[in-house]
Amino acid sequence: MSQEQTPAVPGEDDLPEQLRIRREKRAGLIERGVEPYPVSVLRTASLADIRAKYATLETDSTTGDIQSLTGRVIFKRDTGKLCFATLREGDGTELQAMLSLDKVGQEVLDSWKSDIDLGDIVSVTGEIITSKRGELSILASSYSIAAKSLRPLPNDHKPMSEETRVRMRYVDLIVRDEARSNARLRPAVMRSLRETFHQQNFVEVETPMLQVMHGGAAARPFKSFSNAYDMDLFLRIAPELFLKRCVVGGIERVFEINRNFRNEGADSSHSPEFAMIECYQAYGDWRSIADLTRALVQNAAMAISGSHVVTHHDGRQADLGGKWREISLYDAITEGVGESVTALTPLEDLMKIATKLGMKIDPKWITGKLAEEIFEHVAKDQLIAPTFVMGFPIDTSPLVRAHRELPGVAEKWDLYVDGFELATGYSELIDPVVQRERLIEQATLGAKGDLEAMQVDEDFLRAMEFAMPPTGGMGMGVDRLLMALTGLGIRETILFPLVKPEVE
RNA sequence: GGGCCUAUAGCUCAGUCGGUAGAGCAACGGACUUUUAAUCCGUGGGUCGACAGUUCGAGCCUGUCUGGGCCCA
């Protein structure tokens, strides 16, 4: 006191007024012997319990039921001798607390008015009643502070800016109903997905995220390093090659739901880390795996909205029910450009078509890649209702079996919903000799500077040489599934999406 | 990668022609025993994202950088 003290936190003196006042209130409580962060407080029921128990209580009644309830103070309406506050608990359930002079006395009432701020978490003990206006309430005989908030809550009636919501999701969850429901949507969808898999006798496995060699998809990886082994490691871009090892080993129906990492840009439909489903079904093919995919999506829709018709957050409805439309990729291109295009159409002809469409062409694109780009250019906007796009070019699908009839085409589909790619499914390539040739082609592309090309995974090829049964496989983005079910952007489906650090 | 928009009080946002920084909520002081975003009276709160430039003078104009959003590829 007598000496000059440097503040414990640098710049404590420079805190904004509201933060400083709350820190002073905390210190004041401690000085008076009141613990602002007690080890426990009284709680006999949740607010939801009380709401359920007294759903039909008449206006201005008493119950004689004494409870201790906790919640965060989100509104305060202080009058001279009777104070009201709205308490809110984690799922958004609210209940009114009332403190009256004749029940708690002058000292307690004064302390409530001066010590308790919006955002504080409190425990209130008293009788459950309804007010003269009919509001279900707890009429306090005493209260205690459960945890003092040192920061003011944002304005509860104006939505926080998108940036603030993402940077401070914990506050978003306190103040925004949709944030709370979104957070609970994902686990509901995850449970539904797992149930569908279990109904169909799929076994869930967990395969490595830290990999010696990345593979199973075309993407740039995040690179790490193992000090103990003195070698480079990669965060996985896909679990595919390990799940296929499982199928070789006899786990005939296998799935994994877990995180993949891709060292690429982030936008409204891409996140550097994202949850992905992959599954493999021995003795299945691209057709059987398409049926499974439809069941996964439709059951998830049913789980969260009780119907195959889902309502997006903006009120738009999307019907995911029934059997989905199928179109052939090359038929769609042919229709879109008005001249016949097949997997055998040479690169030069595709170039002419793309140029005529005014597309920007990357000279590194191979024939199949160019065909896919033309498809996206002419047809993507029509893919709002769920649509299987069947038959992708074989030169961009190194892990897929060739189509049983169409030359140059692979037995691969992409599922489009709402204009974006939700899932992809294959008849898997199981001939180890062809598989080796395809991976070596990829490695050649890699040597030429294609950073997304796959590496040759010798152990994977050895596994394939022990024979994998004919198999259908599928991959689906979980975040994108949530987008298709809700219409939200990917950053709203992920609780804590990657954000660059705030600058001081 | 290219283009457009954006950053101002704790939160959400105004800020005209370049001339002393504004509102609502929140906060602080006071009144109020049935409020529901309570009401009424009063008060305080700002490194206008950062740096540079133009100017007598910059929240505003110019440039660079940083964060965020949208569109295109």
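When reading the values below, keep in mind they use all heavy atoms of this one structure, side chains included, and skip hydrogens, waters and symmetry mates. So that the names make sense, note that chain A is the first sequence line, chain B the second, and so on, each numbered from 1.
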Classify A/Arg491 by what it touches in the nucleic acid, base, sugar-phosphate, or nothing, heavy-atom distance under 4.0 Å.
sugar-phosphate

Quick one, A/Leu488 and A/Leu482 - any side-chain contact, counting heavy atoms below 4.5 Å?
no

May I ask which nucleotide in the shown strands pairs with B/C13, Watson-Crick or G-U wobble, both distances under 3.5 Å?
B/G22

Output yes when at least one side-chain N/O atom of A/Lys81 is less than 4.0 Å from OP1 or OP2 of B/U33, else no.
yes

Return the value, rounded to whole Å, for the distance between atom CG of A/Leu15 and atom P of B/G10.
11 Å

Nearest to the side chain of A/Asn155 - B/U34, B/U33, B/G24?
B/G24

Write down the distance separating the C1' atoms in B/C65 and B/C71, rounded off to the nearest Å.
23 Å

Which part of the nucleic acid, if any, lies within contact of A/Lys25, taking any heavy atom under 4.0 Å across all strands shown: a base, the sugar-phosphate backbone alone, or nothing?
sugar-phosphate

Scan every strand shown for a Watson-Crick or G-U wobble partner of B/C40, both distances under 3.5 Å, and answer none if you come up empty.
B/G30

Candidates B/U12, B/U36, B/G44 - which lies nearest the side chain of A/Glu17
B/G44

Using a cut-off of strictly less than 4.0 Å, decide whether A/Lys500 has a side-chain nitrogen or oxygen near OP1 or OP2 of B/G69.
no

Need the pair for B/C70. Rule: Watson-Crick or G-U wobble, both distances under 3.5 Å, any strand; none if unpaired.
B/G3

Which nucleotide sits closest to the side chain of A/Asp102: B/G69, B/G67, B/U33?
B/U33

Between B/G46 and B/G59 - C1' atom distance, rounded Å:
11 Å

Between B/C61 and B/G2, how far is it from one P atom to the other, in whole Å?
24 Å

Mind telling me whether A/His157 and A/Phe75 have parallel, tilted or perpendicular rings, with 30° and 60° as the class edges?
parallel

Please report, rounded to the nearest Å, how far the C1' atom of B/A27 is from the CD1 atom of A/Ile116.
16 Å

State the pairing partner of B/C48; accept Watson-Crick or G-U wobble contacts with both distances under 3.5 Å, and report none otherwise.
none

Using the C1' atom as the reference point in each nucleotide, state the distance between B/A73 and B/A58 in Å, no decimals.
37 Å

Using every non-hydrogen atom in the two residues, find where A/Ala85 and A/Val73 come nearest and quote the distance to one decimal.
CB-CG1, 4.3 Å

Please tell me if A/Thr164 has a side-chain N or O lying less than 4.0 Å from either OP1 or OP2 of B/U12.
yes

Candidates B/U36, B/A38, B/U34 - which lies nearest the side chain of A/Met98:
B/U34

In terms of the nearest nucleotide of RNA chain B, which residue is placed more toward the 5' end: A/Asp156 or A/Leu19?
A/Leu19

Tell me whether the side-chain N/O atoms of A/Ser161 come closer than 4.0 Å to OP1 or OP2 in B/G69.
no

Rounding to an integer number of Å, can you tell me how far A/Asp78 CG sits from B/A31 P?
13 Å

For the atom pair CD1 (A/Ile21) and NZ (A/Lys25), what is the distance rounded to the nearest 0.5 Å?
7.5 Å

Please report the distance, rounded to the nearest Å, between CE in A/Met160 and P in B/C13.
11 Å

Distance check needed: B/A37 P versus A/Asp177 CG, whole Å only.
15 Å

With a 6.0 Å cut-off on ring centres, are A/Phe420 and A/His270 close enough?
no

Indicate, with a heavy-atom threshold strictly under 4.0 Å, whether A/Met359 touches base, sugar-phosphate, or nothing.
nothing

A/Asp60 and A/Thr130 have their tightest heavy-atom pair at N-OG1, 2.9 Å

For the side chain of A/Pro154, starting at C-beta, report the closest nucleotide among B/C28, B/C11, B/G69.
B/C11

I'd like to know whether CD of A/Glu339 has more than 12 heavy-atom contacts from other residues, nucleotides or ligands below 6.0 angstrom.
yes

Which nucleotide wins on minimum distance to the side chain of A/Ser100, given the candidates B/A27, B/C32, B/U33?
B/U33

B/U20 to B/C60 separation - C1' atoms, rounded to the nearest Å:
15 Å

B/U39 P sits how many Å from A/Phe75 CZ, rounded?
12 Å

d(CD, A/Glu162; P, B/C5) in whole Å:
19 Å

Has A/Arg167 got a side-chain N or O lying under 4.0 Å from the OP1 or OP2 atom of B/G67?
no

Under 4.0 Å between a side-chain nitrogen and a carboxylate oxygen: does that hold for A/Glu94 and A/Arg180?
no

I want to confirm an ordering. Mapping A/Ser114 and A/Leu498 to their closest nucleotides on RNA chain B, which one lands closer to the 5' end?
A/Ser114

Span that lies between the C1' atom of B/U55 and that of B/C70, in whole angstrom:
35 Å

From the set B/A26, B/U34, B/G68, return the single nucleotide nearest to any side-chain atom of A/Glu163.
B/G68

Taking CD from A/Gln18 and P from B/C25, how many angstroms apart are they, rounded to a whole number?
13 Å

Among B/A37, B/G68, B/U36, which is the nearest nucleotide to the side chain of A/Ser131?
B/U36

Can you find a side chain N or O atom of A/Lys158 that sits less than 4.0 Å from OP1 or OP2 on B/C25?
no

Between A/Glu89 and A/Arg51 (salt bridge meaning N to carboxylate O under 4.0 Å), is one present in this structure?
no

Partner nucleotide, any strand, of B/U55 [Watson-Crick/G-U, under 3.5 Å]:
none

Work out how far the C1' atom of B/C48 is from that of B/A7, and round it to whole angstrom.
9 Å

So A/Leu101, base contact, sugar-phosphate only, or nothing? Heavy-atom distance under 4.0 Å.
base

From the options B/U33, B/C25, B/A38, select the nucleotide whose nearest atom is closest to the side chain of A/Arg77.
B/A38

